[in-house]
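Below you will find the structure I want to go over with you.
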Amino acid sequence: MTGTPRTLAEELRTRPDGGLVGLLRARPDLLSPVPGDVTQLATRAGTRASVVRAVERLDRFVLQTAEALAVAPDPCPYGTLGALMGGDAGDPAVAAALPRAVAELRAQALVWGPDDRLRLVRTARELLTPSAVHPSPTGLGPTVAEAVAGMSPGLLQEIIAAAGLPTTHDPVTAAAALGALFGDRARMAALLDTAPAESIAVLDKLLWGPPYGGVTDRPAPHLRWLLDRGLLLPAGARNVVLPREVALHLRGGRAHHTTEPAAPALSPTTERDPQLVDNAAASQAFTALATVEELLKEWDLGGPAVLRAGGMSVRDLKRTATALDTTEQLAAFWLELAYGAGLIASDGEADERFAATPAAEEWLQLPDPERWAALVAGWLAATRTPGVVGTADAKGRALAALGPHLDRSPAPEVRRRALALLASLPPGASVPASAVLARLRWERPLRGGRPAAGPAAADGTGEAAAGTAPAPADDLRSRLAQWALAEAELLGVTGRGALAAHAHGLLDTPPDGAEPTPDDTAAAAARAATQLAPLLPEPLDHVLLQADLTAVAPGPLHRPLAEALGVLADIESKGGATVYRFTPGSVRRALDAGRSAAELQEFLTRHSRTPVPQPLAYLIDDVARRHGHLRIGAATAYVRCDDDALLSEILADRRAAPLRLRRLAPTVLAAQTSPDQLLDGLRAMGYAPAAESAAGDVLIARADSYRTPPRTAPAPVPDGPPSPDPTLLAAAVRAIRAGDLAATAERKPVHAPAPAPGSLPRTTSAETLATMQAAVLTHSALWIGYVNADGAASQRVIAPVRVEGGFVTAYDHTADEVRTYPLHRITGVAELADDSV
């Protein structure tokens, strides 16, 4: 195609395949479904939903360029756009960055046309053009022509006469003359030189927006001077507006108060020893594993109930926070982290509650680096956002941990981008979170939020006054970034605010530049875990027993040792070293689990680097001697003991009254409570009873872990269509090109004139069959109309290979494959011109 394109579709046809691939990669929503031809692609690229999505992904300077084009003449020469961005005096930084911005808008099909006739897509212009309802970030108001629309012709003539212009015959030429005056720097300066100082002060208030102000029925003289000359124009009963041309003159031609051609620098930086950063991150990574493991242990026999609306109650969240020795907000993070990794879920029973999943058992058996990789891979891709737990939804209901409505689709993209910014710093360097947030707001200003231009308010004297809307609270994107940075520190991805060396691998992207898939994320996490492994502490196989009935674990213990010690002793404190305390209750717990006193003594001797203290040995022997002396069985319940004096002592004890005991025999007491209640009651009184079976054997009180049925981790909620892979992009471009060829190729009429462009060819069945058979012999291509089984009509370019049995087998240029079509579904056929294929 030659000459200047007249439409966006014509320009898209001139683009190389690489240009269309770039457009479809930047705007993947255009691929759902694949457009049939370039015209459909251009139409879809101009729809409001697609344009809004594309505009939201522009960085601040590219967006400012689009906003300048929205207030510029249409079409706009490149020089005019440069003046709007850099002002009359020019700005070298803006001039250097402007080509990139225009190229980006062109690449995304938001701007088309040559440099001397740049056109903003109509839908984008409607979105970005300032109006009273939707003010522009430029702070500019309507043009003179827009502001005077509907004004009395007589009043308009009075305005241009007061401005020193000759009267005209119609409102259109009058508005054009007034606009030309305001756009002429010399004449406008001369007019303003005669203005009262108070009038100039009013213009200064409205200069950078909002351009609207309020006036009384009897404006002050300095306001009347502005109204008489059109420097302020009526915008309602008691409102006025500053015309765009006037504001641009006063601004020196600048569309924006401040242009930002370059992204904010990541500063100030704090340099640290990279090894210290890596060690701090590794220490926190180990703490994260221990915290999740503790959560699973806490819920080993089943977790809290599921609320009717989903999630867990505030009371249960507080209990979990207490068990983990952390805050409720951090407890919500650990819960959501385990949930996102598929380690906890609801059991789906009638009395639904949360519990660990079968996958948690597998996770607990993995080496520490692999366990960390599983957590981090789930965190990177998760859209569930624990930071919103406790806040209210749109209906004012509090959002619960593990409940619905916690997904925030932009979270993965913000998380990765925040980490990528840290990765761009030198090793060991960190910057304040505010610097990261400023960069993210520059990269996505519409998603990042900014102060909006609000309507002006009239001041107490009735003079026009500009109002400025207050800055909004932290927007979602900024909060997501803040949470991402804090969570990265908790997981050991960063250390002391700097990205750890092993975490750089988490940001690896596929070679084709597409978005990483879950498999890509898992592979990247595995590579990062391999680098982390040497920094994690080695598990120990020993403890240090002390005379005060405590044991000190100077580091992490092997899992079997930690589990056995957790039964025999209670954890007293945690930290770099864990302190366990032995009590009669903890020793009895180990005996209930089936261990004998000799086995406990041997276990401690084998795993202690210090001799077993005598007080601890005495404690174990004493509890073991009394353990099982009393036997509890099911009558409803009974107590059996060979020592009838001990039973008499129990009967005489007032604390036994709630158990409602009575003697059946010298060595047997019956109770009107369940065996479990009887066990607990006697233990509370200081005895050490043991449960027995119907055969009289001691029951081992080892509780079985409760697990949910197999559950899958929650799937992330995507933020729009997925990024297409190169294979899909290449196939889509081929289909669009082939469909465009079918729609625009020159045809040879059979017996009737060629149909209008875009309509299906129409021929009789006999003509269709004859043309097909001739094309098989001549190996020529045909243009056909086809209606599929669903009734959808399309046009295709095919090269017939065989015609038989009511079907034609042909190479379909549109689909780039060999297909078979029923002849009765072909509406018509036409030959292509010799140079069409």
Side-chain angles (χ1 to χ4, degrees), residues 48 51-52 54-76 80-87 94 98 101-102 105 110-111 118-149 179 182-183 203-213 232-233 235-236 239-261 441-442 444-457 464-472 475:
R48 184 178 181 85
V51 170
V52 167
V55 169
E56 283 183 345
R57 294 182 176 273
L58 300 178
D59 66 50
R60 189 177 298 279
F61 184 68
V62 178
L63 179 61
Q64 287 182 328
T65 303
E67 290 165 348
L69 281 170
V71 298
D74 186 31
C76 175
T80 302
L81 175 61
L84 284 170
M85 294 297 293
V94 170
L98 191 57
V102 174
L105 292 172
L110 295 173
V111 166
L118 293 173
R119 291 183 180 273
L120 192 63
V121 172
R122 179 175 56 84
T123 309
R125 178 174 288 276
E126 292 173 354
L127 287 171
L128 301 176
T129 298
S131 68
V133 179
H134 300 289
S136 167
T138 61
L140 293 170
T143 63
V144 170
E146 295 167 345
V148 301
F182 295 159
L203 296 179
D204 289 340
K205 290 182 179 180
L206 302 176
L207 181 56
W208 294 105
Y212 294 90
L232 290 180
L233 291 171
N239 293 312
V240 293
V241 64
L242 181 67
R244 187 181 305 168
E245 294 87 345
V246 177
L248 286 174
H249 172 83
L250 296 171
R251 296 179 178 191
R254 299 178 70 94
H256 296 86
H257 186 278
T258 304
T259 52
E260 300 181 56
R441 279 193 290 266
W442 185 89
R444 294 287 187 273
L446 287 186
R447 291 193 163 201
R450 59 184 173 193
T468 302
D475 55 275

Query raised in the report: Quick one: CG on Leu98 to CG on Leu81, what's the gap to the nearest 0.5 Å?
Result: 5.0 Å
Requested in this report: Identify, with sequence neighbours excluded, every residue that meets ring pair (Phe, Tyr, Trp, His ring centres under 6.0 Å) alongside His257.
Outcome: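 If we apply the ring pair (Phe, Tyr, Trp, His ring centres under 6.0 Å) test to His257, skipping adjacent residues, the hits are Trp208.
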**Report entry** Shortest non-hydrogen separation from Val71 to Pro130 and the atoms involved
**Finding:**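 That closest heavy-atom pairing would be CG1-CD, 3.6 Å.
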Query - Smallest separation among heavy atoms of Ala72 and Arg125, with atom names - result: O-NH1, 3.5 Å
Query raised in the report: Of all heavy-atom pairs between Phe182 and Val144, which one has the smallest distance, and what is that distance?
Result: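 Nearest heavy atoms, Phe182 then Val144: CD1-CG2, 3.6 Å.
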Report task. Tell me, with the steps shown, if Leu120 and Asp74 meet side chain to side chain contact (heavy atoms under 4.5 Å, CB included). Result -> CA-CA 8 Å; Leu120 192 63; Asp74 186 31; 5.9 Å; no
Query raised in the report: Say you draw a straight line from CG of Leu63 to CZ of Arg444; how long is it, rounded to the nearest 0.5 Å?
Result: 11.0 Å
Requested in this report: Take Leu203 and Leu232 through the side chain to side chain contact (heavy atoms under 4.5 Å, CB included) test and state the conclusion after the steps.
Outcome: CA-CA 9 Å; Leu203 296 179; Leu232 290 180; 4.3 Å; yes
Requested in this report: State the CG-CZ distance between Asp475 and Arg441, to the nearest 0.5 angstrom.
Outcome: 6.5 Å
Query raised in the report: Is there a side-chain contact between Leu105 and Val62 (heavy atoms, below 4.5 Å)?
Result: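 Side-chain contact under 4.5 Å: yes.
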**Report entry** Test salt bridge (Lys or Arg N to Asp or Glu O under 4.0 Å) applied to Arg122 - qualifying residues, sequence neighbours left out
**Finding:** Glu126
Query raised in the report: When rounded to the nearest 0.5 angstrom, what is the spacing between CD in Gln64 and OG1 in Thr138?
Result: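 These two atoms lie 10.0 Å from each other.
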Query raised in the report: Can you name the nearest heavy-atom pair linking Thr65 to Ala101, along with the distance?
Result: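 Answer, listing the atom of Thr65 first, then Ala101: OG1-CB, 3.4 Å.
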Requested in this report: Provide the full list of salt bridge (charged side-chain N to carboxylate O under 4.0 Å, His left out) pairs with a residue in residues 240-252, sequence neighbours left out, each pair given once.
Outcome: Glu146-Arg244
**Report entry** Close side-chain approach of Leu127 and Arg48, heavy atoms under 4.5 Å
**Finding:**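 Answer yes - side chains close enough.
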**Report entry** Pair Leu248-Leu84, side chain to side chain contact (heavy atoms under 4.5 Å, CB included): steps then yes or no
**Finding:** CA-CA 8 Å; Leu248 286 174; Leu84 284 170; 3.9 Å; yes
Report summary line: Tightest non-hydrogen contact, residues Pro445 and Leu58, listed as CD-O, 3.1 Å
Query raised in the report: For the residue pair Glu67 and His256, what are the closest heavy atoms and their distance?
Result: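 Heavy atoms only, the tightest pair is OE1-NE2, 2.9 Å.
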Query raised in the report: Going from CG on Leu140 to CG on Leu207, what distance comes out if it is rounded to the nearest 0.5 angstrom?
Result: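 Result: 9.0 Å between the selected atoms.
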**Report entry** Test applied, side-chain contact (heavy atoms from CB on, under 4.5 Å); reference residue, Pro142; option that passes from Val241, Leu233, Leu242
**Finding:**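 Among Val241, Leu233, Leu242, the one that satisfies the side-chain contact (heavy atoms from CB on, under 4.5 Å) with Pro142 is Val241.
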